[in-house]
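Here the structure comes first, spelled out in structure tokens, and everything after it is commentary.
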Amino acid sequence: MPELPEVETSGRGITPYCTNQQITRLVVRQKKLRWPVETGLSRKVNGQTIHRVSRRGKYLLLEIDNGELMIHLGMSGSLRVVEESRPIEKHDHIDICLANQKIIRFNDPRRFGSFILNRQGLAHPLLEKLGVEPLEDELNPDYLYDICKNRKVAIKPLIMNSHVVVGVGNIYAQESLFRSGIHPTRPANKISRQRISRLVDEIKRVLQEAIEAGGSSLKDFTSADGKPGYFQHNFLVYGRQGEPCPYCQSQLKQKQIGQRTTVYCGSCQR
DNA sequence: AAAGACACCTGGGAGC
DNA sequence: TGCTCCCAGGTGTCTT
């Protein structure tokens, strides 16, 4: 399940192989992704050079001559660097073939991902309304508290709202709320500035730790066997319903909040 | 404007 | 073993 740390790690993983490389061919085997892959995409990017890899939210941006390839991994997508000889596997939907004989291969079983040629830069409809980057200074206590004080919605869906802050998915929302001792259903406007400040710190910390863990577990992005493998992080509450709270030992609870499963500690989180 | 429901899709696990 | 059912997850879009 690619959350921001996996996206960041994927970007770093492919960067050394594709930066300043010419695209010799683009192969689309499956057009039906989250949005249909643009007709003639292959022709449009053929011969262009990838100048830079960056990230906005969970979108990876591969800057090319006349725009950028905007890749979203959805919930099950992955990118791998493979040799040309590597057999095509199930759900290998798109190949970016490069002049250095490497292929950036996009695999996505659930096809919630997307592969878009963006000619509008940050004005693209999918980018223009995105909230702040969690690891930048723009996510700070002032910013988040200002938003929270006017909202009655539960804090968990609020921090998962990509128009507020990008890159906080279900897993890291649960982890950061647990670490900051805030109950996931607490209305956003009923949380003190001090506690919001703590939450901001924990969001940054949990994401940063996961990126560092990913960087070490993914050092070879061309690894022969298996997928790049989303790193196993030591989650404190995610997926641990019924287990004892790591802080107070009381049994962790599970609840649907905004159609998303949420695990939390009823005594540590208020 | 805010909040909630819903859709998209497949693999994997549970229950029969 | 095989079938059916349900769930996970991100996020855009529609409805209230």
Side-chain angles (χ1 to χ4, degrees), chain A residues 1-11 29-38 55-61 70-79 89-94 106-116 118 120 123-134 144 146-177 184-191 203 206-207 210 226-233 235 237-242 254-264:
Chain A
M1 298 131 249
E3 294 222 29
L4 183 136
E6 287 85 348
V7 177
E8 177 69 24
T9 306
S10 297
R29 296 184 199 84
Q30 170 61 273
K31 299 180 79 159
K32 286 159 72 178
L33 302 180
R34 178 74 157 87
W35 287 280
V37 177
E38 178 176 328
R55 180 184 61 73
R56 177 74 176 102
K58 291 180 186 168
Y59 290 96
L60 276 178
L61 309 174
M70 215 160 81
I71 302 171
H72 198 293
L73 300 178
M75 294 196 301
S76 58
S78 64
L79 291 174
E89 291 175 31
K90 200 172 182 186
H91 310 302
D92 281 343
H93 302 318
I94 299 177
F106 174 74
N107 178 290
D108 184 9
R110 293 180 198 174
R111 289 194 267 127
F112 275 25
S114 51
F115 209 101
I116 293 166
N118 173 16
Q120 307 167 70
H124 190 282
L126 294 174
L127 299 181
E128 69 167 341
K129 287 179 182 154
L130 289 180
V132 299
E133 286 288 335
L144 191 57
D146 266 4
I147 291 175
C148 285
K149 71 180 190 217
N150 301 318
R151 304 282 196 100
K152 295 178 185 171
V153 72
I155 187 65
K156 184 181 177 238
L158 184 130
I159 62 173
M160 290 178 67
N161 182 342
S162 63
H163 299 318
V164 174
V165 52
V166 295
V168 181
N170 198 29
I171 295 173
Y172 294 102
Q174 292 174 63
E175 293 295 311
S176 58
L177 286 166
T185 60
R186 177 163 284 274
N189 63 359
K190 294 278 176 18
I191 305 173
I203 289 171
V206 75
L207 289 174
K227 304 269 187 301
Y230 299 117
F231 30 96
Q232 293 307 311
H233 196 62
F235 299 119
V237 290
Y238 171 72
R240 294 185 182 275
Q241 61 279 13
Q254 175 173 315
K255 186 177 168 60
Q256 292 292 118
I257 302 172
Q259 291 96 252
R260 289 288 175 248
T261 300
T262 310
V263 180
Y264 63 99

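Given the structure is predicted, the values throughout are model-derived calculations rather than measurements. Naming convention: chains lettered A, B, ... in sequence-line order (proteins, then strands); numbering from 1 in each chain.
- Evaluation of atom-type donor-acceptor distances gives no pair under 3.5 Å for the side chain of A/Arg110 against the base of C/dG10.
- Checked against salt bridge (Lys or Arg N to Asp or Glu O under 4.0 Å), A/Arg34 has no partners two or more places apart in sequence or in another chain.
- Where A/Phe112 and A/Leu158 each meet DNA chain B at their nearest nucleotide, the meeting point lying more 5' is that of A/Leu158.
- When atom types are taken as modelled, the side chain of A/Glu175 and the backbone of A/Val206 share no donor-acceptor pair closer than 3.5 angstrom.
- Axis orientation changes by 50° from one end of the helix from B/dA2-C/dT16 to B/dC16-C/dG2 to the other, with each end axis drawn from 5 pairs and the value rounded to 10°.
- In terms of the side-chain hydrogen bond (donor to acceptor under 3.5 Å, both in side chains) criterion, residue partners of A/Gln241 (sequence neighbours excluded) are, by chain and number, A/Gln254.
- Looking at heavy-atom distances under 4.0 Å, A/Lys58 makes contact with sugar-phosphate atoms alone, never a base.
- Listed by chain and number, the residues in a side-chain hydrogen bond (donor to acceptor under 3.5 Å, both in side chains) with A/Glu38 are A/Lys44, A/Arg119 (sequence neighbours excluded).
- For A/Gln256, the side-chain hydrogen bond (donor to acceptor under 3.5 Å, both in side chains) criterion is met by A/Thr261, not counting sequence neighbours.
- With sequence neighbours excluded, no residue satisfies salt bridge (Lys or Arg N to Asp or Glu O under 4.0 Å) with A/Lys190.
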Below 3.5 Å is the cut-off: list the nitrogen or oxygen pairs between protein and nucleotides 5-7 of chain C, distance only.
none

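- For DNA chain B, the span of nucleotides reached by chain A at under 4.0 Å from its heavy atoms goes, 5' to 3', from B/dA2 to B/dG11.
- Legend: side chain to side chain donor-acceptor pair (under 3.5 Å) pairs involving residues 153-167 of chain A, not counting sequence neighbours, sorted by first then second residue: A/Lys156-A/Asn170, A/Lys156-A/Thr262.
- Remark: A/Asn189 engages A/Lys152, A/Pro187 in a side-chain contact (heavy atoms from CB on, under 4.5 Å) (not counting sequence neighbours).
- Applying the side-chain hydrogen bond (donor to acceptor under 3.5 Å, both in side chains) test to A/Arg260 and every residue at least two apart in sequence or in another chain returns nothing.
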With the criterion being N/O to N/O and under 3.5 Å, what pairs connect the protein with nucleotides 12-14 of chain C, and how long is each?
| from | atom 1 | to | atom 2 | distance (Å) |
| --- | --- | --- | --- | --- |
| C/dG12 | OP1 | A/Tyr59 | OH | 3.1 |
| C/dG12 | O4' | A/Arg34 | NH2 | 2.9 |

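- The main-chain N or O of A/Leu61 is never found under 3.5 Å from a side-chain atom of A/Arg56 such that the two would form a donor-acceptor pair.
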